[in-house]
Amino acid sequence: MTQMGKYSSTNKLKIINDPVYGFIKIPYDVVFDLIEHPLFQRLRRIKQLGLTHLVYPGANHTRFQHAVGAMHLMSLAIEVIRSKGHRITEEEAKAVSIAILLHDIGHGPFSHSLEQSLIKATTHESLSLLYMEQLNREFHGELTLAIEIFRNRYHLKFLHQLVSSQLDMDRLDYLKRDSFFTGVTEGVIGSDRIIKMLNVKEDQLVVDEKGIYSIEKFLIARRLMYWQVYLHRTVVASEQLLVMMLRRAEALSSRGIKLFATPALAYFLQPGHEVSLEQFALLDDYDILASAKSWCNHSDPVLSMLSDGLVNRKLFSVELADGPFQADRIGALRKLVAATLSISSEEAEYLVVSDSVSNFAYSDMDDRISIMDKNGNIRDIAEASDMLNISVLSKTVRKYFLCYPRIIKEMP
């Protein structure tokens, strides 16, 4: 059986013991079959938080756990919305459960760390859709409605909002799960409380007024988690090691230099390779790490240094600033690194890197979080909240970083 081949199994109603939620029931036979499929099992080999475990050692959970957890929350949300008098058919419930289960199936190795590195100008959401369409062919059209919901082409728009919005099951799971595994308590949210307060008004997902404080906590937690975990300065530095290591390996391969690599990774290091969903489906974290371990001893000093830094946690220094670093300073650093390591200025560009990261906790432009009072009136959370300054939370905060090897003791 190939990675993309049809998977068949004996349907069973299983339960999964999850450390965050306890026992999770698999609600439909087709969901069980999808979980057992090699494309989904691959998510067991992709870390949810990329290289964050280099900062928070407990952060070794996977995209598999997250996807199953988000599906569990979707089941709870469907039950709550139905209990408030809104009709969701079994076919719709099954489809929206499949949509959230597969929403991350297009992630590559180390999740967001390598987004657009191996397949350029393509997001994981786009790849997820392509894999869902592939699975739909294998499952003889059983995913058609799930794909419509995923693409927001189904007439019940609130179902898409449960999959992708500012208050979707994806965010509710990853905040709670990432907080649990990192031990960062600032990210703890009341997902149960939020789900129990969900409602539908005029085909839009809303939150009952009693849940407003849980939403405020959710928005604050999201912002704190971004700067304390997802965009932590050391995490940023480690991700730059990973990105530049693969970029250097790709450059060496383009010059005809032979590199050890797993077959799946070797395909993407070839110059001018075509986008291949089948090859991408064979890639996971292990391909990158196995290759990096070999590259630690490569004769190319740049590739060797980057690989050794990633494998043995010899991370680069990182500076943060509110504005871009001066080009003169970056150039001087590269010259200093080149002279210290006896490499060219071009090679030093792989070791001295400057870019930026940004985040906002809430967008007040579209797809807002709506609060419904007891009279059925709808207000945006920005208007309904008497505690949060939403204008601050919705402001994009951008930080600039400069990474360079720790061999540079004194900075110019």
Side-chain angles (χ1 to χ4, degrees), residues 1-7 33-51 61-68 70 98-139 143 146-147 150-151 163-164 170 174 239 241-254 259-295 307 310:
M1 182 189 69
T2 64
Q3 181 81 14
M4 301 295 288
K6 176 71 174 76
Y7 185 87
D33 286 340
L34 287 168
I35 289 175
E36 291 291 282
H37 194 283
L39 276 176
F40 193 82
Q41 289 294 314
R42 166 181 167 270
L43 298 182
R44 291 182 183 272
R45 304 186 298 276
I46 295 178
K47 284 188 173 64
Q48 167 79 3
L49 293 183
L51 295 168
H61 54 303
T62 65
R63 286 280 154 185
F64 179 95
Q65 293 166 283
H66 163 59
V68 171
I98 291 172
I100 194 67
L101 179 75
L102 302 180
H103 77 283
D104 273 348
I105 201 168
H107 262 299
F110 295 104
S111 296
H112 292 284
S113 301
L114 289 179
E115 186 110 1
Q116 301 187 14
S117 289
L118 296 170
I119 296 185
K120 308 293 190 296
T122 303
T123 64
H124 75 272
E125 291 92 350
S126 299
L127 292 172
S128 291
L129 179 58
L130 291 173
Y131 283 126
M132 288 172 71
E133 291 171 343
Q134 170 68 34
L135 288 168
N136 195 33
R137 291 188 288 272
E138 292 183 32
F139 282 79
L143 280 65
I147 292 172
F150 185 81
R151 300 180 71 180
V163 176
S164 180
D170 174 29
Y174 78 61
E239 288 178 345
L241 274 178
L242 175 61
V243 170
M244 300 312 290
M245 178 190 76
L246 287 178
R247 192 173 297 176
R248 182 61 177 173
E250 193 173 9
L252 293 174
S253 294
S254 69
L259 296 175
F260 168 84
T262 64
L265 180 58
Y267 176 86
F268 288 94
L269 295 180
Q270 295 174 17
H273 65 265
E274 296 181 357
V275 174
S276 169
L277 288 178
E278 187 160 3
Q279 289 295 325
F280 192 74
L282 297 172
L283 270 177
D284 55 49
D285 293 5
Y286 299 165
D287 292 275
I288 307 298
L289 285 176
S291 303
K293 286 172 65 179
S294 174
W295 296 342
S307 302
L310 181 68

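All values derive from a computational prediction rather than experimental measurement.
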Inset, instruction - Please work out which of the three classes, parallel, tilted or perpendicular, describes the rings of His112 and His124, given edges at 30° and 60°. - result: perpendicular
Legend entry - side chain to side chain contact (heavy atoms under 4.5 Å, CB included) between Thr262 and Tyr286, worked out: CA-CA 9 Å; Thr262 64; Tyr286 299 165; over 6 Å; no
Inset, instruction - With the side chain counted from C-beta on, respond yes when Leu143 and Leu102 share a heavy-atom pair under 4.5 Å apart, and no when they do not. - result: yes
Legend entry - Spacing of Gln134 atom CD and Leu129 atom CG [to the nearest 0.5 Å]: 12.0 Å
Legend entry - Any His66 side-chain heavy atom under 4.5 Å of Asp104 side chain: yes
Inset, instruction - Please report the C-alpha distance between Phe64 and Ile35 in whole Å, then the side-chain angles of each, then the deciding distance to 0.1 Å, and finally whether the side chain to side chain contact (heavy atoms under 4.5 Å, CB included) criterion is met. - result: CA-CA 9 Å; Phe64 179 95; Ile35 289 175; 4.0 Å; yes
Legend entry - pair Asp287-Arg45: side-chain heavy atoms closer than 4.5 Å: no
Inset, instruction - Report yes if some heavy atom in the side chain of Phe110 is under 4.5 Å from a heavy atom in the side chain of Leu289; otherwise report no. - result: yes
Inset, instruction - To the nearest 0.5 Å, tell me how far Gln270 CD sits from Gln279 CD. - result: 8.5 Å
Inset, instruction - Give the C-alpha distance, both sets of side-chain angles, the deciding distance and a yes or no for side chain to side chain contact (heavy atoms under 4.5 Å, CB included) between Ile288 and Leu265. - result: CA-CA 7 Å; Ile288 307 298; Leu265 180 58; 3.9 Å; yes
Inset, instruction - Answer whether the closest heavy-atom distance between the side chains of Phe268 and Phe280 falls below 4.5 Å. - result: yes
Legend entry - Evaluation steps, side chain to side chain donor-acceptor pair (under 3.5 Å), between Ser253 and Glu250: CA-CA 5 Å; Ser253 294; Glu250 193 173 9; over 6 Å; no
Inset, instruction - Please tell me if the side chains of Val163 and Asp170 come closer than 4.5 Å, counting only heavy atoms from C-beta onward. - result: no
Legend entry - Verdict with reasoning, Leu241 to Leu51, per side chain to side chain contact (heavy atoms under 4.5 Å, CB included): CA-CA 10 Å; Leu241 274 178; Leu51 295 168; over 6 Å; no
Inset, instruction - May I ask you to test the Phe139-Leu34 pair for a side-chain heavy-atom distance under 4.5 Å? - result: yes
Legend entry - Student check: side-chain heavy atoms of Ser111 and Ile46 closer than 4.5 Å: yes
Inset, instruction - Using salt bridge (Lys or Arg N to Asp or Glu O under 4.0 Å) as the criterion, list what pairs up with Arg248, not counting sequence neighbours. - result: Asp300, Glu347
